[in-house]
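Below is one structure, written out as structure tokens, with a few remarks after it.
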Amino acid sequence: MAEELNQNMTDLWVRTLARIREEMSESEYSAWFSRLRFADGKNGKVVLYVPSAFFRDGFESKYRTRVEKAMSSVSGSPWTVSLEIKRDAEKQIQQATVIEKPQERPPVNQKSVREKKSNVEYMLNPAYTFNSFVPGENSNFAYSAAMAIAKNPGSVYNPCLIYGGVGLGKTHLLQSIGNYLQQNSDLKIMYVTTENFTNDFIQSINLKTQNQFQKKYRKVAVLLMDDIQFLQKKEGIQNELFNTFNDLYDTGRQIVFTSDRPVEELRDISDRLRSRFARGLSIDIQPPDFETRIAILRTKCNEKGFTISNDVLDYIAQNISSNVRALESCITKLMAYSQLLNKDISLETAKEQLKQIISSNNDTSSVSLDQIIKSVAAYYNISPYDIKGKSRGQSIIIPRQVAMYLCRTMTDYSTNEIASEFGGKNHTTVIYNVQKVQSMMKSESSDMANTITRLSNQIKQESRKN
Ligand code: ADP
Ligand code: MG
């Protein structure tokens, strides 16, 4: 299994993939190499998992020898490749394509490969640029802020925190800043995941190289730090980050963080570090609306040189709403299929092929009224019975309105159905309350819009677990 592979092997495989990737188009690479998984490698023999017999035969005739050659030339000793069918191989796409997505939290065995090389070239994914990012209502602000930072680091928004749910483009934007600066400036840039930073720190303690560690992070002009939610509960590292932060900040260097939640919701973070994070600009990325999803899908198809009919695009955009990575996976999957069979994708085929991706991402259809009421009650620290009940106390009314609003917008239930869930109220009450929340969301003196975002993300997450 990939997790148990030793570091040299992983390193070799990663470099082999990089070599192969240079030799072919992006679409060819993603059709074949993002669908297989490294299973095992030792004594000059490599085993790769492939998703089907059909894929195996295609790969066998087209690529096996090429992989053997590339691997042998990268390592300087001969390698043979054998293929094994493993139906879930594709689920592991993210792991197999470390090169494609170096921003991902790497599987345990790959950490050290990356730590060894802390040069920014290795860490940044060149595909993550402002050009390849499709902004929409949901991400305009984050997009422009990231751009402003890239053009003028250390002066405009410092520090900056970009937060939002999984797969919404935080890493993409963060790395776009890095890529832009790499192209357009001589500034020293550091992109690091919180996990890398942590491991680096721990290693420096073990090896007694703390000085070097500090120098490494404090000499940069721009620090891009991904996924600070993983800092939770780690005090030593928080101290170190606090000091690094102060040092950079006081000397006008730029710091950009990402996180999957707003600063206030980071748990177990020391107050002083929290106050540092909160000091600058904090911007969220929301899930894209339908039009933006279509625009993203089109862009991804164009990039890969893949044409797909409008009804299939619509189908995908309608069924996947809160994760751009999942949109992308749909395209990759259909494209591989279309290339393998050498034919266009009909809506029927698309439905069949995408069943799994869609059902594991279908966030709204799985949201229940019960779940909404439960989450809202927990958020306001009252009981679900109060929300459904008749009390007109101020501390209950707002939560009840919020719950009704979320029931209306996150599910397909009618106002009548919702009314009966709320202790048999009249459906006009539901309509009134929904409007009430809508107007609060527009009001500048209210934090309602943020509350709704937070709650709906939380509800989606909870629903996915069930
Ligand atoms: P996050 O870090 O928020 O979990 P990523 O930045 O890794 O998400 O994005 C997931 C995938 O979706 C990446 O391949 C990224 O290129 C793509 N992506 C996300 N948002 C957009 C966007 N607005 N336009 C184009 N691609 C996007
Ligand atoms: Mg990310």
Side-chain angles (χ1 to χ4, degrees), residues 26-27 29-30 34 93-107 114 123-147 160-180 191-197 224-231 256-262 282-304 306 313 316-317 320-333 335 357 360-361 363 453 457 460-461 464:
E26 217 34 44
S27 48
Y29 180 87
S30 87
S34 61
I93 282 174
Q94 311 289 10
Q95 290 186 10
T97 52
V98 268
I99 303 260
E100 190 166 65
K101 298 195 187 300
Q103 88 291 356
E104 295 275 303
R105 291 214 299 142
R114 241 166 265 161
M123 307 294 287
L124 289 174
N125 180 340
Y128 289 168
T129 62
F130 290 120
N131 265 339
S132 63
F133 191 89
V134 183
E137 290 268 17
N138 60 310
S139 59
N140 263 333
F141 187 25
Y143 181 73
S144 340
M147 234 155 23
C160 177
L161 171 73
I162 301 173
Y163 69 91
V166 177
L168 292 183
K170 301 181 297 294
T171 298
H172 188 136
L173 276 184
L174 191 65
Q175 294 208 8
S176 298
I177 299 176
N179 278 317
Y180 181 93
Y191 166 83
V192 70
T193 62
T194 300
E195 205 186 17
N196 288 153
F197 184 83
L224 307 171
M225 193 161 177
D226 214 352
D227 290 324
I228 56 167
Q229 73 272 12
F230 294 120
L231 273 176
V256 189
F257 301 104
T258 70
S259 156
D260 70 351
R261 65 201 77 177
S282 193
I283 326 166
D284 63 336
I285 304 189
Q286 291 289 321
D289 60 19
F290 183 77
E291 278 70 32
T292 309
R293 297 201 292 277
I294 292 281
I296 291 172
L297 286 168
R298 282 195 205 288
T299 308
K300 300 285 173 195
C301 286
N302 282 342
E303 277 168 10
K304 296 176 200 285
F306 179 49
L313 282 187
I316 301 173
I320 289 186
S321 57
S322 65
N323 184 335
V324 178
R325 180 171 298 132
L327 290 176
E328 224 174 359
S329 312
C330 291
I331 298 292
T332 309
K333 175 122 203 221
M335 182 162 158
I357 304 180
S360 61
N361 273 283
D363 31 45
T453 307
N457 285 337
K460 279 182 209 160
Q461 250 169 33
R464 239 171 263 147

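We're numbering straight along the sequence, starting at 1. Both counts, for ligands and for their atoms, begin at 1 and track the order of listing. Note that the structure is predicted; figures quoted are calculated from it, not measured.
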Is it the case that the side chain of Arg325 and the backbone of Val166 share a donor-acceptor pair, with hydrogens and angles ignored and the cut-off at 3.5 Å?
no

Heavy-atom distance to atom 20 (N) of ligand 1: which of Ala326, Gly169, Gly167, Ser139 wins?
Gly169

Show me which atoms of ligand 1 lie under 4.0 Å from any heavy atom of Val134.
22 (C), 23 (N), 24 (N), 25 (C)

Of Thr299, Leu168, Thr171, the residue with the heavy atom nearest atom 2 (O) of ligand 1 is Thr171

Any nitrogen or oxygen of Arg325, side chain or backbone, less than 3.5 Å from one on ligand 1?
yes

Report yes if some heavy atom in the side chain of Gln286 is under 4.5 Å from a heavy atom in the side chain of Leu168; otherwise report no.
no

Are the side chains of Val324 and Pro288 in touch, meaning some heavy atoms are under 4.5 Å apart?
yes

Distance-only side-chain donor-acceptor flag, Thr292 / Asp289, under 3.5 Å
yes

Consider ligand 1: state whether an atom of it lies below 4.0 angstrom from any non-hydrogen atom of Ser132.
yes

Within a distance under 4.0 Å of any heavy atom of Gly165, pick out the atoms of ligand 1 and give their elements.
3 (O)

At less than 4.0 angstrom from any non-hydrogen atom of Val324, what atoms of ligand 1 do you find?
12 (O), 17 (C), 18 (N), 19 (C), 20 (N), 21 (C), 27 (C)

Locate the shortest heavy-atom distance separating Thr171 from Tyr191; write the atom from each residue and the value.
CG2-OH, 3.7 Å

Determine, stepwise, if the pair Asp226 / Thr258 fulfils side chain to side chain donor-acceptor pair (under 3.5 Å).
CA-CA 5 Å; Asp226 214 352; Thr258 70; 2.4 Å; yes

Which atoms of ligand 1 are found less than 4.0 Å from any heavy atom of Glu328?
11 (C), 12 (O), 13 (C), 14 (O), 17 (C)

So do Glu195 and Asp227 actually touch side chain to side chain, heavy atoms under 4.5 Å?
no

Side chain, backbone, both or neither: which applies to Pro135 and ligand 1 if a contact is any heavy-atom pair less than 4.0 Å apart?
neither

Regarding Thr171, does it place an N, O or S atom less than 2.8 Å from the Mg ion (ligand 2)?
yes

Side chain proximity check, Ile331 to Lys304, heavy atoms < 4.5 angstrom:
yes

Can you name the residues that form a ring-ring contact (aromatic ring centres under 6.0 Å, His included) with Phe130, not counting sequence neighbours?
Tyr143

What are the atoms of ligand 1, with element, lying closer than 4.0 Å to any heavy atom of Lys300?
16 (O), 17 (C), 25 (C), 26 (N), 27 (C)

Between ligand 1 and Gln175, can you find any atom pair, the residue atom being a heavy atom, that is separated by under 4.0 Å?
no

Is there any N or O on Val166 that sits under 3.5 Å from an N or O of ligand 1?
no

